[in-house]
Amino acid sequence: MKKFKAVVGCLLASSVYAGSVSAENLAYDKPSKTVHPKLTAHSQTMEQRVDKIAEGVYKAIGYDIANSVMIEGKDGVIIVDVLSTVGSAKQVMSEFRKITDAPVKALVYTHHHGDHINGGPGFINPEDATNGKVRIFAHKDLTKNLSQQAGMLVPITASRAFFMYGNYLDKGPEGVVNTGIGPALLTGETRFLPPTDLVDDRRVETIAGIEVEMVHVPSEAKDEIALWFPEKKILHTAEVLQGESFPNIYTIRGDVMRDPVEWVRSIDQLRQYPAEILVRSHGRAIVGKENVASTLTAYRDAIQYVHDQTVRYINKGYTPDEIVTVIDQLPPHLRDNPDLQEFYGTVKHSVRAIYNQYLGWFNGDPSTLDPLPPQERAKRYVEAMGGRDAVLKNAEKALSDDDFRWVAEVTSYLITLDKEDMEARQLKAKAFRPLAFDQINVNWRNFYLSSALEMEGKAPRPLNTRASGVMAAMPASVVLQHMAVRVDPVKTAELEIVGAFELPSGEKYALELRRGIVQFHNKLPEKVDFTVKAAKRPLLGLTLGMRTVDQLVALKALSVSGDQKAASQFFAGFDQAIPWDQIPVSLH
């Protein structure tokens, strides 16, 4: 702990750009009995400011969930990560412009997550990327990974992300405090500018007179790249080090499991650089060669410990529920490390994910292979406990005894039987709040509190989300393929229809609806039943279920030729979009 204080003192005392500190903090940073003290202290590190990390290197902290870094060169600047919205990016760029008016020569996306790629037009004129005045670097798989994340699963992952990040909560002592790796998840205008220069395993460039090595380090994202500036001895670790927190080996919003073995291997790769300053995409910089080395070592050891001990108990025959009772925290020398506090990831939910990574959902008990359906199981549990009134009485007694986890569990059976059982829902909500207030982990805290609102039937306020700005950058072929996961197999059980889709660019694709299955064709078959002609943006609205064919035809945004009846039957066989704030998250 003394070493940490010395590092932070050095950084904050001598490395903050004069006049750059703002009084605003998007995180809630006041002490409260409903906020864990460690969480309050964590929020207090997130005040908006531009830190001068080294000569010509500046980091904007507190303007968004992620940081943006500017590196000055001989005839321009490099921007690493462009934040999550155009608005926050413009705010940061205005702060950078107080330091230099040198032109932006390059943007670097460290990986495909929205808080690193969605604010590009806030830093540059998009035309400058098109005409080659500004280069945009990213890993070669970034666009592919973004297509998968931003398209096929966006309704459920977005709705769960809003619970996890506390977007439906008010900022304050009984609401959202911070996001664990930053002050707040912002909503607003987003626009993804596609990369112009791709990185494979390693790429060395000289940009604005600055030598930079970009290296592929799969970890928190498969397409993660770290940056090494040899002249400055600065290592930008992207999100290989996930801020000042134990990492999300698995994120409870839902995503592909992050392989802990691969993650440790990537950190070991970064440990080979003689870095004297470590810059992260979240959190503050670390100064001093020894401090950098010890931080990297502790981080990789924490991930390996959780992985190895989970596998150790898997091989003893333990189930996930049993393993988290014996591996519920890191060993003391890692648990007390200020960069490994469980603000974002937790040991417990990492253990469960690692088990699932290796053995899947089956815990070895054959009774779980084909259990009774949830409603029937809940009915029998409630009957065995003496009926609804007895279960409610049991839950009320547990609530008075501060046995909150049991209240949450036992009321779930009643809610499964009757989702309109407001007595059970109110009790569950009452249990969730004290569970939240005791949490150091903001993902858990926000999920508890957001779920309490859902249990109480309090409608979430609409969010200003414009994710179509990101999807608009996806290839039309990808957008069309996402329709396959929206087809209704009952409505289309007897239908065999082929639709062609033609874009002004000359691209031509087809979707073949074949009795509940949709097959994508990147070339037009010999026979099609109808043809849709549309630009990509209206086509996006159609394929996401945000607009109907009739609406778009009325707006003259597209045209349909050929068999009109077949076209109507085709599009009637797909689900319409459910607003993200109306998808049930915890009410099951």
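Just so you know, residue 1 is the first one in the sequence shown, and it goes up from there. These numbers come from a predicted model, not from an experiment.
In this structure, F520 and M483 have side chains that are not in contact, with every pair of non-hydrogen atoms separated by 4.5 Å or more. Between L193 and I124, some side-chain heavy-atom pair lies under the 4.5 Å cut-off. You'll find the side chain of E502 stays beyond 4.5 Å of the side chain of V532, heavy atoms only. Within the 4.5 Å cutoff, no side-chain heavy atoms of I234 are placed close to those of E276. Side chains of T143 and P195 form a contact here, defined as non-hydrogen atoms less than 4.5 Å apart. Residues L278 and L296 form a side-chain contact, since some pair of their non-hydrogen atoms from C-beta on lies under 4.5 Å apart. The shortest distance between side-chain heavy atoms of L198 and L142 does not fall below 4.5 Å. By the 4.5 Å heavy-atom criterion applied to side chains, H349 and I252 are counted as neighbours.
Judged by distance alone, the side chain of Q481 and the main-chain N or O of S477 form a donor-acceptor pair under 3.5 Å. Within the 3.5 Å criterion, the main-chain N or O of V240 finds a donor-acceptor partner in the side chain of W263. Side chain of R300 to main chain of Q304: no donor-acceptor pair is present (N/O by atom type, distance under 3.5 Å, no hydrogens or angles). In this structure, R253 contributes its side chain and A161 its backbone to no donor-acceptor pair below 3.5 Å. The backbone N or O of I286 sits nowhere less than 3.5 Å from a side-chain atom of N291 that would complete a donor-acceptor pair. A donor-acceptor pair under 3.5 Å links the side-chain atoms of R486 to the main chain of D575, judged by distance alone. Under a 3.5 Å cut-off, the side chain of T251 and the backbone N or O of G254 do not form any donor-acceptor pair. Looking at H139, its side chain does come within 3.5 Å of a backbone N or O of D141 through a donor-acceptor pair. A donor-acceptor pair under 3.5 Å is absent between the side-chain atoms of E213 and the main chain of W228, judged by distance alone. In this structure a side-chain-to-backbone donor-acceptor pair under 3.5 Å is missing from S245 to E342.
Ring centroid separation for the pair Y109 and F192 comes in under the 6.0 Å cut-off. Remark: aromatic rings of H216 and H111 are distant, center separation not under 6.0 Å.
Residues meeting the side-chain hydrogen bond (donor to acceptor under 3.5 Å, both in side chains) test with N178, sequence neighbours left out: S43. Judged as a salt bridge (Lys or Arg N to Asp or Glu O under 4.0 Å), and not counting sequence neighbours, R97 has no contacts. In this structure, the side-chain hydrogen bond (donor to acceptor under 3.5 Å, both in side chains) partners of H521, at least two apart in sequence or on a different chain, are E512. Remark: N125 engages E127, D128 in a side-chain contact (heavy atoms from CB on, under 4.5 Å) (not counting sequence neighbours). R271 pairs by the salt bridge (Lys or Arg N to Asp or Glu O under 4.0 Å) definition with D268, not counting sequence neighbours. By the side-chain hydrogen bond (donor to acceptor under 3.5 Å, both in side chains) test, K232 pairs with no residue at all, sequence neighbours left out.
Taking both residues in full, the closest heavy atoms of P274 and K233 are given as O-CD, 3.5 Å, listed atom of the first, atom of the second, then distance. Between E507 and A476, the shortest heavy-atom contact is OE2-CB, 4.3 Å. Between Y250 and D255 the shortest heavy-atom distance is CE1-O, 4.1 Å. Between Y28 and V176, the shortest heavy-atom contact is CB-O, 4.0 Å. Scanning both residues, K90 and G122, for their nearest heavy atoms gives CG-CA, 3.6 Å. Scanning all heavy atoms of the two residues, the minimum distance from I303 to I267 falls at CD1-CD1, 4.1 Å.
Ring geometry, H282 versus H116: the interplanar angle exceeds 60°, so the pair is classed perpendicular (tilted spans 30 to 60°).
We find that D197 and R135 are joined by a salt bridge, their nearest charged nitrogen and carboxylate oxygen being less than 4.0 Å apart. Here D51 pairs with R49 in a salt bridge; the nearest charged N to carboxylate O distance falls below 4.0 Å. Salt bridge status for E262 with K222: present, with a side-chain N to carboxylate O gap under 4.0 Å. Under a 4.0 Å N-O distance rule, the pair R258/E220 qualifies as a salt bridge.
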Could you give me the CA-CA distance, side-chain angles and deciding distance for D81 and T110, then say whether side chain to side chain donor-acceptor pair (under 3.5 Å) is met? CA-CA 6 Å; D81 286 339; T110 58; 3.0 Å; yes

Take R280 and D339, measure what salt bridge (charged side-chain N to carboxylate O under 4.0 Å, His left out) needs, and give me the verdict at the end. CA-CA 12 Å; R280 301 174 281 196; D339 284 308; 3.0 Å; yes

Please determine whether side-chain contact (heavy atoms from CB on, under 4.5 Å) holds for the pair V86 and T190, giving the CA-CA distance in whole Å, both sets of side-chain angles, and the decisive distance to 0.1 Å. CA-CA 6 Å; V86 175; T190 62; 5.9 Å; no

Please assess N441 against F343 for the test side-chain contact (heavy atoms from CB on, under 4.5 Å), listing each intermediate value before the final yes or no. CA-CA 4 Å; N441 184 274; F343 296 127; 5.9 Å; no

If you apply the rule side-chain contact (heavy atoms from CB on, under 4.5 Å), what do you find for Q242 with Y299, and how did you get there? CA-CA 9 Å; Q242 205 165 25; Y299 217 83; 3.4 Å; yes

Apply the test side-chain contact (heavy atoms from CB on, under 4.5 Å) to residues V50 and F96: give CA-CA distance (whole Å), side-chain angles for both, the deciding distance (0.1 Å), then the verdict. CA-CA 8 Å; V50 175; F96 285 162; 4.2 Å; yes

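Put simply, CG on L241 and NE2 on H236 are 11.5 Å apart, with the number rounded to the nearest 0.5 Å. Rounding to the nearest 0.5 Å gives a distance of 11.5 Å between CD1 of I53 and CE of M70. Atom OG1 in T346 sits 8.5 Å away from atom CG in N443 (nearest 0.5 Å). Remark: M214 CE to D201 CG distance equals 13.5 Å, nearest 0.5 Å. Atom CD1 of I71 and atom CD1 of I78 lie 5.5 Å apart (nearest 0.5 Å). Remark: M164 CE to T157 OG1 distance equals 10.5 Å, nearest 0.5 Å.
Counting only N and O atoms by type, the side chains of N118 and S84 include no donor and acceptor under 3.5 Å apart. Side-chain contact of S88 with T85: a donor-acceptor pair under 3.5 Å is present, judged by distance alone.
Enclosure of atom CZ in R547 is not indicated, since only 12 or fewer non-hydrogen atoms of other residues, nucleotides or ligands lie within 6.0 angstrom.
Residue F447 is tested with Y165, Y168, F163 for a ring-ring contact (aromatic ring centres under 6.0 Å, His included); the sole match is F163.
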